[in-house]
Visitor: 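Just passing along the structure, written as structure tokens.
We use all heavy atoms of the structure for the numbers below, so side chains are in, but hydrogens, waters and symmetry mates are not.
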Amino acid sequence: MSVNSGESKKNVKKTPNDFIFGKVIGEGSYSTVYLAKEVDSSTEYAIKVLEKRHIMRERKTQYVMREKEVLMKLNHPFFIRLFFTFQDTDRLYFVLSYARRGELLDYIHKLSSFDEPCSRWYTAEIIAALDYLHTKGIIHRDLKPENILLNDEMHIQITDFGSAKILKDTKEEEEAPVSGRTNSFVGTAQYVSPEILTSKKAYYSSDLWALGCIVYQLMSGLPPFRGGHEYQIFQKITKLEYEFPDGFNVVAQDLVEKLLVLNPEQRLGCEEMGGFEKLKLHPFYEGIDFDHIHEQKPPPLVPFLPATSTNPENIWSSYRAGFDDARMVEIITQTVITDDERKKRLEEQQQNSKYHKFVEGNLILKQGLVDKRKGLFARKRMLLLTEGPHLYYVDPANQVLKGQIPWSEELRPEAKNFKTFFVHTPNRTYYLEDRESRSQDWVAKISEAWQQYYGNKNKK
Ligand code: ADE
């Protein structure tokens, strides 16, 4: 790079022509985020593009200004960085660091829940980040797994400061933070703190409430306050109505109970309770070096398979019944159904099976009751493998179709032990427990269907 170009670049505003815009990597109500490459440097960025007309029409100007102001104040490895801003007649552009690994939420969905070392690690990174943010006088107010992105090294990059509140000028940084108040409701139903709902005031410790929700979610698979409607969730939050599922780690439970406290001045980590130093000393974080965590390698993200009453053993933990497994090949018996036989079986199914109405006219190849697990939570489902292929699951008590496991060539079943089997898909691993302890039968049948529909594809 020439000295000249370096000098001239310094003061010249970028324009959209300095970047090649690629795919959309994020979409909000007021913005679209694109993956983009700077032409000169080939550096990848995430560029947030906002339509001026839309922002003005919806009266969101102050949120956009706020976001820029906050991002400009931040300089910490656990936050998305704002590199440049520019505009043209119609749009505003924020050039941000690109968090290549996407949202933490996607990993929660993919793995159902995290094991203890991963939950400890990622919530510790959030604590280190919040400690910094609050020192800068900023409350995030919308902390949630969608807003926690991951970079190439799998460290967190917190984003989305459209709801943030700046409580004090950074010049006052040395002063003890005050419990500030503000009066506009923001946030997402499941992570919003009770004080924001009832008094419409946000405190620094409103972010600690969200942290409590995230600790609970990483460890168990679901956030603590759930409901069909926002209103139900709000009711539960203001009444502190939530439960820990069986098998929830007791040390993590103690931490969550100290964070999910209705009074914002009594949450572990807030000024009144001894600040972040006290929070970092909680036994859940034993062994974490908060000061150097950004320089250390995060533990690999592995799914947590709880040893529950229905899943007592991991005796085949080293056994993998994948397609390349010689044993699997033995088991798979390619049963070809003739057209006549299909017709006969379908007629019979139509007359006798109460599950026929859920399978879109497809022939059921195997059915059985399973526990469909999400972290520590399990639901009883009738699993239906059909031609197509499809894997439907139905709530047997209410006779309601709850969904399908999406089939693709990448789908892969795996027996974990007698009871438990996984169905791996690109976006999610489904954890299923066969009530009859015949997980291997499921794996064999699903593999057979895979062979039938995808196995011969490459040979043709
Ligand atoms: N989605 C929204 N913002 C993003 C960013 N900075 N990096 C990656 N994905 C994003």
Visitor: For residues 380-393, please give each side-chain donor-acceptor pair under 3.5 Å, one per line with the distance, not counting sequence neighbours.
Guide:
residue: Glu387; atom: OE1; partner: Arg342; partner atom: NE; Å: 2.7
residue: Glu387; atom: OE2; partner: Arg342; partner atom: NE; Å: 3.4
residue: Glu387; atom: OE2; partner: Arg342; partner atom: NH2; Å: 2.9
residue: His390; atom: ND1; partner: Gln404; partner atom: OE1; Å: 2.8
residue: Tyr392; atom: OH; partner: Val359; partner atom: O; Å: 3.3
residue: Tyr392; atom: OH; partner: Glu360; partner atom: OE1; Å: 2.4
residue: Tyr392; atom: OH; partner: Asn362; partner atom: ND2; Å: 3.1

Visitor: Using a 6.0 Å cut-off, check whether atom NZ of Lys60 has over 12 heavy atoms from anything other than its own residue.
Guide: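 Counting other residues, nucleotides and ligands, NZ of Lys60 exceeds 12 neighbours.
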Visitor: Residues in ring-ring contact (aromatic ring centres under 6.0 Å, His included) with Tyr93, at least two apart?
Guide: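 Tyr93 satisfies ring-ring contact (aromatic ring centres under 6.0 Å, His included) with Phe86 only.
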Visitor: Could you list the donor-acceptor pairs under 3.5 angstrom formed by side chains in residues 74-83, with sequence neighbours left out?
Guide:
residue: His76; atom: ND1; partner: Phe78; partner atom: N; Å: 3.0

Visitor: What pairs with His424 under ring-ring contact (aromatic ring centres under 6.0 Å, His included), at least two apart in sequence or on another chain?
Guide: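 In terms of ring-ring contact (aromatic ring centres under 6.0 Å, His included), with neighbours along the sequence ignored, His424 is linked to Phe422.
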Visitor: Students often mix this up, so state it plainly: with edges at 30° and 60°, are the rings of Tyr285 and Phe290 parallel, tilted or perpendicular?
Guide: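 If you compare the ring of Tyr285 with that of Phe290, the planes turn out perpendicular.
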Visitor: Yes or no on salt bridge (Lys or Arg N to Asp or Glu O under 4.0 Å) for Arg66 and Glu69, after CA distance, side-chain angles and deciding distance?
Guide: CA-CA 5 Å; Arg66 176 94 46 81; Glu69 190 183 352; 5.5 Å; no
Visitor: Taking only residues two or more places apart in sequence, or in another chain, which ones meet Trp209 in a ring-ring contact (aromatic ring centres under 6.0 Å, His included)?
Guide: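 With sequence neighbours excluded, Trp209 shows a ring-ring contact (aromatic ring centres under 6.0 Å, His included) to Phe225, given in chain and number order.
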Visitor: Should Leu279 and Asp131 count as side-chain neighbours, where that means a heavy-atom distance under 4.5 Å?
Guide: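 No. Closest side-chain heavy atoms not under 4.5 Å.
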Visitor: Tell me which donor-acceptor pairs under 3.5 Å the side chains of residues 22-31 have, and how far apart each pair is, sequence neighbours excluded?
Guide:
none

Visitor: Can we say Arg91 and Glu51 salt-bridge, meaning some charged N sits less than 4.0 Å from an Asp/Glu carboxylate O?
Guide: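 Salt bridge present between Arg91 and Glu51.
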Visitor: Would you say Tyr231 and Gln235 are linked by a side-chain donor-acceptor pair, where the criterion is simply a distance under 3.5 Å?
Guide: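 Yes.
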Visitor: Is the number of heavy atoms from other residues, nucleotides or ligands under 6.0 Å of Lys37 NZ greater than 12?
Guide: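 Not more than 12 within 6.0 Å, no.
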